[in-house]
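Structure, as structure tokens:
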Amino acid sequence: MRITADRDRCVGAGMCALLAPTVFEQDDDEGRVVLLAAVPPGEHAAVGEAVQCCPSGALTIDEP
Ligand code: SF4
């Protein structure tokens with residue numbers, strides 16, 4: 001799985017970091033998303049849920 005995070009669209013809601021904390025973090029300044037790592041195999045479901053729950057549509061799955 002490969003994902004992209006559009007930091008310009010991110011509104012810092014934090015759902016992604018809550019649902020998949022090994023993959024997503026929020027920066028200290030504005031709380032916008034930061035990708036921490038490639039998606040580990042065991043995290044696919046959590047990342048998929050994060051993409052669906054993101055209120056700004058900032059997360060995109062490029063490769064399932
Ligand atoms: S869930 Fe979406 S809006 Fe919220 S921090 Fe993550 S990428 Fe940004």
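Residue numbers start at 1 and run along the sequence shown. Just follow the structure's listing: the first ligand is 1, and inside any ligand the first atom is 1.
- Here SG of C54 is found 9.5 Å from CE of M15. Values are rounded to the nearest 0.5 Å.
- For R9 (side chain) and S56 (main-chain N/O), a donor-acceptor pair under 3.5 Å exists by modelled atom type.
- Judged by distance alone, the side chain of R32 and the main-chain N or O of G12 form no donor-acceptor pair under 3.5 Å.
- No path of Ile, Leu, Val, Met, Phe, Trp and Tyr side chains, each step under 4.5 Å between heavy atoms, connects V34 with V23, placing them in separate hydrophobic clusters.
- Linking Ile, Leu, Val, Met, Phe, Trp and Tyr whenever their side-chain heavy atoms come within less than 4.5 Å puts F24 and V39 in one cluster.
- Near atom 2 (Fe) of ligand 1, less than 2.8 Å away, sit the protein N, O or S atoms C54 SG.
- Interatomic distance, CZ of R2 versus OG1 of T60, reported as 11.0 Å (0.5 Å rounding).
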